[in-house]
Amino acid sequence: MVNTRSAAGLVGVVLVARHGDRAGVVPQNYTTYNSTQGYLTPYGASQEYDLGSYLRDTYLDPSSDTYIQGINTDVADVDQLYVRADAGGGNVILDSAYALLQGLYPPTKSSKIKLANGQEVTSPLGGYQYVPVQSLEYWQAPSLTSWMDCNYFQSHLGRVNVGVQFKDYAVQAAPFLQAVTPYLGGLNNSFLNHGTSLSFIMSYLFLLYSQWNIYDFLNVQYTHNETFYKSFPATLMQQARHFANLHEQAIFTDSTQNAVGQIAIRTLWPEIFWSLGNMTAPSNKVKLALTEVDYKPFISMFNVTNATVTNPEISGIADYASAVAFELSQSTTGDYSEFQSLKMFGKDSLTLPEMILALDWTTINSTINWCFSCNQTIRRGCSVFNYSNDPFLNPGAPTGYA
């Protein structure tokens with residue numbers, strides 16, 4: 001998305017990938033969007049492995065036009081890779097990163113070492129390669145789950161949920177919600193929040209608030225429950241995805257680039273800029289950076305870059321094992337990789353300085369900035385800061401932080 005390749009290949013690539021298929025339904029409270037992760041299924045692991053294999057063919061094959069110059073193609077050089085993943089709750093995102101890396105750097109007999117006594121030892125499982133992944137727990141930093149415990153984001157949720165747009169969606173969705181209700185018998189009260197039983201819900205607007213939970217329940221059943229799959233109309237599954245897309249698109253976008261509705265990507269941009277910038281430094285060793293996340297940053301990313309203006313079909317929820325690649329080259333001419341090319345701000349490519357200039361002002365680049373941007377003074381590490389000099393929390397106080 002950043003830049004096209006040159007004839008000599010790429011300088012480096014920064015990837016943002018979504019996790020694979022997970023087991024069970026993970027409820028999200030529609031008033032906070034707090035949730036925990038599920039667990040990666042074998043199907044999800046296969047999806048991520050296939051993505052890794054695709055990335056290997058695209059970026060690690062010397063015969064590919066999009067080969068990353070100087071990257072090890074067989075045995076992974078951990079100094080050339082920077083990988084991190086959200087590790088909050090279950091394991092679906094962290095394990096997705098590991099599964100992707102298995103496809104990117106599969107087992108090889110070359111993954112071996114020669115001991116002092118002359119013996120050669122190959123890694124277990126036929127040369128399995130252990131690429132380190134930096135796991136970021138929920139409590140460590142808000143950068144990968146910045147909407148959670150963000151008071152201003154919860155205010156944004158409240159505004160969206162009572163807005164005219166949602167009321168219009170409720171009217172549109174009423175026939176679908178009526179048709180799908182008999183199939184929601186396995187959806188317990190916690191998925192619809194506040195302990196309200198489905199049999200007592202009279203408002204389709206309230207059901208629409210829980211559209212993500214409804215879609216997630218139906219999708220899990222449609223994927224893993226053979227009886228459900230055979231009885232549930234495919235057209236209803238398509239409608240469930242459609243209304244979930246409308247719902248999530250409204251939640252994780254906003255009217256301006258630096259508004260709180262876009263917070264899911266605003267805390268990711270600094271890491272993306274840092275990785276791309278480092279790749280231009282002569283002393284840098286990192287060639288490929290990967291961040292494994294949930295679906296939410298993709299919605300905000302495509303919105304703030306105006307990518308959905310030219311490609312409206314990418315609005316809404318990204319598929320499992322989807323990925324966005326920021327390809328860095330020394331040229332602005334040439335073809336893209338086999339990824340679907342997207343425009344940023346109406347352009348086919350941007351120089352790195354142009355990209356940073358367009359987006360840097362929207363970023364949240366530290367925990368204290370997140371605390372301030374979210375009106376949070378207690379949770380997620382915010383309690384360690386001194387807010388006595390904050391002019392917003394304490395009007396009349398000198399500016400700056402102690």
Side-chain angles (χ1 to χ4, degrees), residues 18-51 88-93 95-96 99 169-170 172-252 293-296 298-299 315-322:
R18 189 190 174 194
H19 61 80
D21 176 71
R22 56 171 167 72
V25 181
V26 179
Q28 290 187 143
N29 187 309
Y30 77 86
T31 64
T32 64
Y33 264 67
N34 287 351
S35 64
T36 57
Q37 297 179 22
Y39 293 89
L40 189 67
T41 65
Y43 178 41
S46 179
Q47 291 173 322
E48 291 289 323
Y49 181 88
D50 289 344
L51 173 60
N91 69 354
V92 63
I93 298 179
D95 282 358
S96 289
Y169 288 166
Q172 297 174 34
F176 158 74
L177 293 171
Q178 184 176 21
V180 82
T181 297
Y183 296 94
L184 300 179
L187 194 60
N188 66 41
N189 295 347
S190 65
F191 293 95
L192 296 174
N193 307 296
H194 302 307
T196 306
S197 174
L198 184 62
S199 61
F200 293 100
I201 294 172
M202 303 302 294
S203 170
Y204 288 128
L205 183 61
F206 181 80
L207 274 175
L208 187 62
Y209 294 162
S210 300
Q211 183 57 48
W212 164 260
N213 292 331
I214 292 173
Y215 164 71
D216 191 41
F217 171 80
L218 295 174
N219 186 52
V220 169
Q221 295 299 314
Y222 197 71
T223 303
H224 297 285
N225 186 327
E226 182 179 359
T227 301
F228 188 92
Y229 175 80
K230 291 180 177 178
S231 64
F232 189 67
T235 53
L236 286 183
M237 193 68 245
Q238 294 166 4
Q239 291 178 65
R241 176 64 179 259
H242 168 71
F243 287 113
N245 281 340
L246 292 178
H247 185 276
E248 301 306 289
Q249 184 71 21
I251 294 299
F252 288 98
V293 292
D294 198 353
Y295 68 89
K296 302 170 183 74
F298 292 90
I299 298 175
S315 299
I317 303 163
D319 291 337
Y320 285 140
S322 296

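The structure presented is a predicted model; accordingly, all values stated were derived computationally and were not measured.
Side chains of Ile299 and Ile251 form no contact here, defined as non-hydrogen atoms less than 4.5 Å apart. With a 4.5 Å cut-off on side-chain heavy atoms, His19 and Asp95 do not count as touching. In this structure, Lys296 and Tyr33 have side chains that are in contact, with non-hydrogen atoms separated by less than 4.5 Å. Looking at His247 and Tyr169, their side chains never come closer than 4.5 Å, going by heavy atoms from C-beta outward. Between Arg18 and Val293 there is no side-chain heavy-atom pair separated by less than 4.5 Å.
When the side-chain contact (heavy atoms from CB on, under 4.5 Å) test is applied to Thr32, the partners found at least two apart in sequence or on another chain are Asn29, Asn34, Gln154. With sequence neighbours excluded, the residues that form a side-chain contact (heavy atoms from CB on, under 4.5 Å) with Thr41 are Asp21, Ala23, Tyr43, His224. Contacts of Asn245 classified as side-chain contact (heavy atoms from CB on, under 4.5 Å), with partners at least two apart in sequence or in another chain: Arg241, Ile317.
Within the structure, salt bridge (Lys or Arg N to Asp or Glu O under 4.0 Å) contacts touching residues 32-44 (residues at least two apart or in different chains) do not occur. Within the structure, no pair that satisfies the salt bridge (Lys or Arg N to Asp or Glu O under 4.0 Å) test touches residues 32-42, not counting sequence neighbours.
Thr181 contributes a side-chain N or O that, together with a main-chain N or O of Leu177, makes up a donor-acceptor pair within less than 3.5 Å.
Here CG of Leu246 is found 9.0 Å from CD of Gln211. Values are rounded to the nearest 0.5 Å. One finds the CD1 atom of Ile214 at 11.0 Å from the CZ atom of Phe243 (value rounded to the nearest 0.5 Å). With rounding to the nearest 0.5 Å, the separation of CD in Glu248 from OG in Ser315 is 13.0 Å.
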Practice prompt. May I have the step-by-step check of side chain to side chain contact (heavy atoms under 4.5 Å, CB included) for Asp216 and Arg22, ending in yes or no?
Written response: CA-CA 10 Å; Asp216 191 41; Arg22 56 171 167 72; 2.8 Å; yes
Hey, can you pull the donor-acceptor pairs under 3.5 Å for the side chains in residues 227-238, sequence neighbours left out?
residue	atom	partner	partner atom	Å
Lys230	NZ	Glu226	OE2	3.0
Ser231	OG	Thr227	O	3.2
Ser231	OG	Phe228	O	3.2

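Of all non-hydrogen atoms in Leu40 and Ala99, the two that sit nearest each other are CD2-CB, 4.5 Å. The two residues Leu218 and Ala240 come nearest to each other via the heavy atoms CD1-CB, 3.8 Å. Shown here for Asn219 and Thr223, the closest heavy-atom pair between the two residues is O-OG1, 2.7 Å. Between Ala179 and Pro182, the closest heavy-atom pair is O-CD, 3.3 Å.
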